[in-house]
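A short write-up of the structure that comes next.
Below, read A as the first sequence line, B as the second, and so on, with proteins coming before strands; counting in each chain starts at 1. Here the structure is a predicted model, which is why all the values come from computation and not from measurement.
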2 protein chains.
Amino acid sequence: MPLQFSISDLERETGISRDTLRIWERRYGFPEPQRNQRSERNYSVEQLERLRLIKQLLDNGMRPGKLARLNLQQLHQITLQQRRTETVPSAVEELLQILATGPRYGLLARLEALLQQQGLRDFLIEVLAPMNHAVGEAWFTGRIGVLDEHHYAEQTRMVLLAALRSLPQRPGSSRALLTTLPGEQHGLGLLMATCMLALEGVEVLLLGVQTPLEEIVRGAIESECSIVGISCSEYMNRRTVATQLVRLRKLLPAEISLWAGGSGASNLPLMPKGITLFSSLDQISPAIPLDPLTVER
Amino acid sequence: MPLQFSISDLERETGISRDTLRIWERRYGFPEPQRNQRSERNYSVEQLERLRLIKQLLDNGMRPGKLARLNLQQLHQITLQQRRTETVPSAVEELLQILATGPRYGLLARLEALLQQQGLRDFLIEVLAPMNHAVGEAWFTGRIGVLDEHHYAEQTRMVLLAALRSLPQRPGSSRALLTTLPGEQHGLGLLMATCMLALEGVEVLLLGVQTPLEEIVRGAIESECSIVGISCSEYMNRRTVATQLVRLRKLLPAEISLWAGGSGASNLPLMPKGITLFSSLDQISPAIPLDPLTVER
DNA sequence: AATTATTTTTGTCTAGGACAAAACATGCCC
DNA sequence: GGGCATGTTTTGTCCTAGACAAAAATAATT
């Protein structure tokens, strides 16, 4: 029984309005869905996927008339071409520019546009991750102030939380508890990790910063989480991090995995055992235990 | 020139779909908008206001057939009646219950339902404000753990940020910079204050917690804010708060108002001059300098 | 090469009609 | 009076097909 989507499903999932979907069908012959007994449109997963790609390219300035005639493969090809010539490295510079000089209220809009353009996954990996480094750097060299750093963090938080809410929650997959160690103030990496996990359908129990170790353990057990994730910023002392992670590992039941990520979790002085370290966001997806429901992606 | 809204404006602002708006008009004769030259619907502010109320009551289980015939006054009356018999004091107890025992994932849904029911303003004043106290209390007496406190804060943050984004941004009114003093970790009160100000049409530059005083000043001047707002939780040392506020007042240009709120800002040891103190959220709205555009509310 | 005019493309709006799912009302039995 | 099966009304979403202005692309001009 192949999955089928109604026209409102598609509107929600792709961000293309019902009216537009219908008129594309009339004009370009795509997407041409099947009909149910009530002659309502039923779209397939392929059509959804194709429309997602089209929407991305649309936001990048291409025209629907051209795109509607292309198949999945061709769309992918164009996406790649675009990406090579496009934005990504310059996006960081542009954001820094806004932060350093620009109108303060422009940041949110720009972040949202980038999210739309890249999709959440790439936005996290290719925009936010380098941007976080760049912001730290820019502060260090005095190009921007603490104020701007805070502003960046706050606006990013807003964009990510919104994105998080709009992700479909599939219950039944694995569950993770995410927080930072006591002493760690920075919650942005945490939020980014949450997004990565949520993208893979993991139910995330997000706890904010600085949860005492004992409470982490209690929460993980009570909420039946199979993963505990810890985010460590580069500003943390490596030694402290390592010590605390080892202690946490001892406190946690063996069947719960302990994951640690962020710049503060790489190059740890003593490599603790039974702890999975992530040095970049894109290592997260492959590490997630396979869920029987997850077929593709 | 009275403000006019298109049907998609109304869909966005009220959350009632285009189709539904049209069919209500057909069936109940309301809302019956004016038409422009192109015979497109143009709704008035009154109709928008009325529909907002209707949507609230709808979410509370009333039927549209009845509500559509009522005028603004009658709708207000019903809303009040509802509220009197409803929830409010029990809501806090119920939330605590969920927090202490309930399924962890139920909290977000309940918070969202309450927000819908009460509207943002009342949700802040009559649910979250007492709830914050209650949570602190419950932690103190050991009824809930740090874990649950964090969980509550995080979910509330999520709900509020979503609400914040959906508020219409009217540029042109006054601007405020909001943050906490160095040493203050709690950002929830900050977010609540932001919502109150945003509700009144103030443009808020939200900076998160712990901004150094010099940076606050720089930000306020650069972004041309007329108000600087500081949120102080009850966990802060009063003396420290007072000292820092006085210092900040000296650093700030005289034409920028300095506001401080939250439990940590009441009963300050020495009452500093030139600083407006708020002991509760509902004092915020009246304090906002009148904006020529703001006619009603 | 830069403006300006013309043509094409595109999305949003319109009108009524249809129909199933949800909410409500009624009757019945325990 | 409370629980349950029934019929009735209410309600939201979907349908078709046409219209038109705003935006984008192309052609024509300075």
Side-chain angles (χ1 to χ4, degrees), chain A residues 3-44 47-48 50-70 75 78 82 113 116-117, chain B residues 4-44 47-48 50-70 75 78 82 113 116:
Chain A
L3 277 187
Q4 299 267 291
F5 304 91
S6 76
I7 197 166
S8 12
D9 290 339
L10 245 72
E11 177 176 39
R12 180 168 29 78
E13 295 293 324
T14 65
I16 302 167
S17 81
R18 271 174 277 226
D19 277 329
T20 304
L21 284 170
R22 282 198 271 257
I23 212 153
W24 281 5
E25 182 181 343
R26 215 196 294 174
R27 287 190 185 144
Y28 317 125
F30 176 84
E32 193 153 32
Q34 294 196 297
R35 302 303 184 108
N36 63 11
Q37 308 88 323
R38 227 190 312 162
S39 78
E40 293 173 349
R41 282 163 242 260
N42 272 150
Y43 296 88
S44 69
Q47 290 170 322
L48 170 58
R50 212 166 133 186
L51 283 168
R52 280 220 179 96
L53 276 173
I54 289 182
K55 184 63 189 340
Q56 287 235 347
L57 293 171
L58 229 55
D59 291 334
N60 266 18
M62 318 226 94
R63 321 267 354 244
K66 319 261 173 183
L67 295 172
R69 294 167 217 286
L70 304 178
L75 288 171
I78 297 184
Q82 280 253 336
Q116 267 297 323
Q117 226 173 76
Chain B
Q4 298 268 293
F5 304 91
S6 76
I7 197 167
S8 10
D9 289 338
L10 244 71
E11 177 176 41
R12 183 168 27 77
E13 296 292 325
T14 65
I16 302 167
S17 81
R18 269 173 284 218
D19 276 329
T20 303
L21 285 169
R22 282 197 273 257
I23 212 155
W24 281 5
E25 182 181 342
R26 215 197 295 172
R27 287 190 186 143
Y28 317 126
F30 175 85
E32 193 153 31
Q34 294 196 299
R35 302 304 184 109
N36 62 11
Q37 308 88 323
R38 228 189 311 162
S39 79
E40 292 173 349
R41 292 167 173 80
N42 271 151
Y43 295 89
S44 69
Q47 289 170 321
L48 170 59
R50 211 166 134 187
L51 283 169
R52 280 220 179 95
L53 276 173
I54 289 181
K55 184 63 191 336
Q56 287 236 347
L57 293 171
L58 228 55
D59 292 334
N60 267 16
M62 319 227 94
R63 321 275 341 253
K66 319 261 172 184
L67 295 173
R69 293 166 218 288
L70 304 179
L75 287 171
I78 297 185
Q82 280 250 338
Q116 268 297 325

Checklist entry - Rounded to the nearest Å, what distance is computed from the CD atom of residue B:Glu25 to the P atom of nucleotide C:dG17? => result 15 Å

Checklist entry - Is it the case that A:Arg69 places NZ or CZ above or below the six-membered ring of A:Tyr28, under 6.0 angstrom from the centre and within 45 degrees of the axis? => result no

Checklist outcome for this item: On DNA chain D, more 5' by nearest nucleotide between B:Pro64 and A:Arg41 is B:Pro64

Item to check | Between C1' of D:dT13 and CD1 of A:Ile7, the distance in whole Å | outcome: 11 Å

Checklist entry - Roughly how far apart are B:Met62 CE and B:Ile78 CD1, rounded to 0.5 Å? => result 6.0 Å

Checklist entry - To the nearest 0.5 Å, how far apart are CG in B:Leu51 and CG in B:Leu58? => result 10.0 Å

Item to check | OP1 or OP2 of D:dT13 under 4.0 Å from side-chain N/O of A:Arg12 | outcome: no

Next on the checklist: Applying a 4.0 Å non-hydrogen cut-off, can you work out what B:Arg26 is touching in the nucleic acid: base, sugar-phosphate, or nothing?
Outcome noted: base

Next on the checklist: At less than 4.0 Å, is any side-chain N or O atom of B:Ser39 found next to OP1 or OP2 of C:dC13? Yes or no.
Outcome noted: no

Item to check | Nearest-Å distance for atom pair CG/C1', residues A:Asp19 and D:dG18 | outcome: 13 Å

Checklist entry - Is B:Arg18 touching bases, backbone alone, or none of the nucleic acid, heavy atoms closer than 4.0 Å? => result sugar-phosphate

Item to check | A:Asn42 CG to D:dT13 P, straight-line distance once rounded to whole Å | outcome: 17 Å

Checklist entry - Would you say D:dC15 has OP1 or OP2 under 4.0 Å from some side-chain N or O of A:Arg22? => result yes

Checklist entry - Please give, in whole Å, the distance from C:dT12 C1' to B:Phe5 CZ? => result 19 Å

Item to check | Below 4.0 Å: OP1/OP2 of D:dT11 and any side-chain N or O of B:Arg27 | outcome: no

Next on the checklist: Expressed as a whole number of angstroms, how long is the span from B:Arg35:CZ to D:dC20:C1'?
Outcome noted: 15 Å

Next on the checklist: How many whole angstroms separate atom CZ of A:Arg63 from atom P of C:dT7?
Outcome noted: 18 Å

Checklist entry - Does B:Trp24 or A:Lys66 map to a spot on DNA chain D nearer the 5' end, using the closest nucleotide for each? => result B:Trp24

Next on the checklist: Measuring to OP1 and OP2 of C:dT10, would you say a side-chain N or O of A:Tyr28 lies under 4.0 angstrom away?
Outcome noted: yes

Checklist entry - Should B:Arg22 and B:Arg41 be marked as a side chain to side chain contact (heavy atoms under 4.5 Å, CB included) after you check the CA-CA gap, both sets of side-chain angles, and the distance that decides it? => result CA-CA 9 Å; B:Arg22 282 197 273 257; B:Arg41 292 167 173 80; 3.6 Å; yes

Item to check | Pairwise distance CD(B:Gln47) to CZ(B:Arg52) - rounded to 0.5 angstrom | outcome: 13.0 Å

Checklist entry - OP1, OP2 of D:dT11 versus side-chain N and O of B:Thr20: anything below 4.0 Å? => result no

Item to check | Atom-pair distance (CZ on A:Arg38; C1' on D:dG12), nearest Å | outcome: 11 Å

Checklist entry - If you measure from CD1 on A:Ile16 to CZ on A:Arg12, what distance do you get to the nearest 0.5 Å? => result 13.5 Å

Checklist entry - Hey, does the side chain of A:Ser8 come within less than 4.0 Å of D:dC14's phosphate (OP1/OP2), counting only N and O? => result yes

Next on the checklist: If you compare every side-chain N and O of B:Ser17 against the phosphate oxygens of D:dT13 (OP1, OP2), does one of them come in below 4.0 Å?
Outcome noted: yes

Checklist outcome for this item: Regarding the side chain of B:Glu40, the nearest nucleotide among D:dC15, D:dT11, C:dC13 is C:dC13

